[in-house]
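Structure first, then comments.
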Amino acid sequence: MNPPIAPNVDDSQLIFATGECSLGQVLIAGTSDGNSKTRVSYLALGDDRESLLIDLATAHSNRKRVETKSVFQAELAAAIEFIEQPAEPLRLPVNLFGTDFQKQVWTELAQTEPGETVTYRELADRIGSPGSSRAVGAACGQNQIALAIPCHRAVRSDGKDSGFRWGLDRKRELLRREKKVSGGSVEPANNQLHLAGFETTPAESLSVARTTRTQP
DNA sequence: TCTGCCCCCGGTT
DNA sequence: AACCGGGGGCAGA
């Protein structure tokens, strides 16, 4: 149960970039060692750029934050591409900051494929900690990297709505798109749930996903 | 069946 | 000690 390595106490500078997609604004942040080696440690979705910047500043208040378009260009494009057309998992070079338990949950989530869902209970079982479904839910909520760690695929076992850090509407919409793209049937009965404004738009091009695995 | 409680769960702050 | 993106049981609709 080692202590989490809080990004907050790391004084290396945080590089970030923002972009736009059909689900709103996207913000991606991480580090670069200067040798074009980058790692994503933060990926968020939101309604507007300003609130995303505020969230980032709150989460990393002790770090220098530098906006650059070039560094995470490919990763940002890949994230947007995933949002528009989630055919395959979004794989990014990531940095996970969290407890062992949290990393286990996140790593297990990363094993899921687009279009499938897992219950918190099932996740708890898979990481060898049956009965800790509530803790699993809490761990999902602590996830800092949207999409790449697909916590939107974690659902309640009783079918009720659970939460999503970046908006429950987005969670539903992401799942709907994944099911659609992965060839599964799109439940027609539930289709009226989509919010207006979350219309599917043509994808952007570029499919730069890197195949790096998680875990520093 | 389908709600809404109530009480318990395990990990984290 | 309190907080949770949970779960199961059980009463009343």
With no hydrogens and no angle check, is any side-chain donor or acceptor of [X] less than 3.5 Å from a backbone partner on [Y]?
| X | Y | answer |
| --- | --- | --- |
| Gln85(A) | Val181(A) | no |
| Arg170(A) | Leu23(A) | yes |
| Arg165(A) | Cys140(A) | no |

Counting side-chain heavy atoms from C-beta on, which of [options] comes nearest to [X]?
| X | options | answer |
| --- | --- | --- |
| Ser133(A) | dG5(C), dG7(C), dT13(B) | dG7(C) |
| Ala135(A) | dG5(C), dG11(B), dG7(C) | dG11(B) |
| Thr99(A) | dG11(B), dG7(C), dT12(B) | dT12(B) |
| Ser132(A) | dT12(B), dG10(B), dG5(C) | dG10(B) |
| Ser162(A) | dG6(C), dT12(B), dG10(B) | dG6(C) |
| Trp166(A) | dG11(B), dT12(B), dG5(C) | dG5(C) |

Round to the nearest Å and state the distance from [X] atom [atom1] to [N] atom [atom2].
| X | N | atom1 | atom2 | answer |
| --- | --- | --- | --- | --- |
| Arg134(A) | dG11(B) | CZ | P | 14 Å |
| Trp106(A) | dT12(B) | CH2 | C1' | 12 Å |
| Arg153(A) | dG5(C) | CZ | P | 20 Å |
| Glu122(A) | dG7(C) | CD | P | 11 Å |
| Lys103(A) | dT12(B) | NZ | P | 12 Å |
| Gln142(A) | dT13(B) | CD | P | 7 Å |
| Ile149(A) | dG5(C) | CD1 | P | 17 Å |
| Arg172(A) | dG5(C) | CZ | C1' | 13 Å |

Salt bridge present between Asp100(A) and Lys103(A) (N-O < 4.0 angstrom)
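No, this pair does not count.
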Any carboxylate oxygen within less than 4.0 angstrom of a Lys/Arg side-chain nitrogen, looking at Asp161(A) and Lys171(A)?
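Salt bridge flag = no for Lys171(A) with Asp161(A).
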Using a cut-off of 4.0 Å on non-hydrogen atoms, how would the nucleic acid contact of [X] be classed: base, sugar-phosphate, or nothing?
| X | result |
| --- | --- |
| Gly131(A) | sugar-phosphate |
| Tyr120(A) | base |
| Arg121(A) | sugar-phosphate |
| Ala124(A) | nothing |

Counter-base of dT1(B), judged by Watson-Crick or G-U geometry with both distances under 3.5 Å
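Partner of dT1(B): dA13(C).
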Only pairs with both distances under 3.5 Å count, Watson-Crick or wobble alike; so what is the partner of dC9(B) in this structure?
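Pair assignment: dC9(B) / none.
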Given DNA chain B, 5'-ward residue of the pair Lys160(A) and Phe101(A), judged by closest heavy atom
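Taking each residue's closest nucleotide, the earlier one in sequence belongs to Lys160(A).
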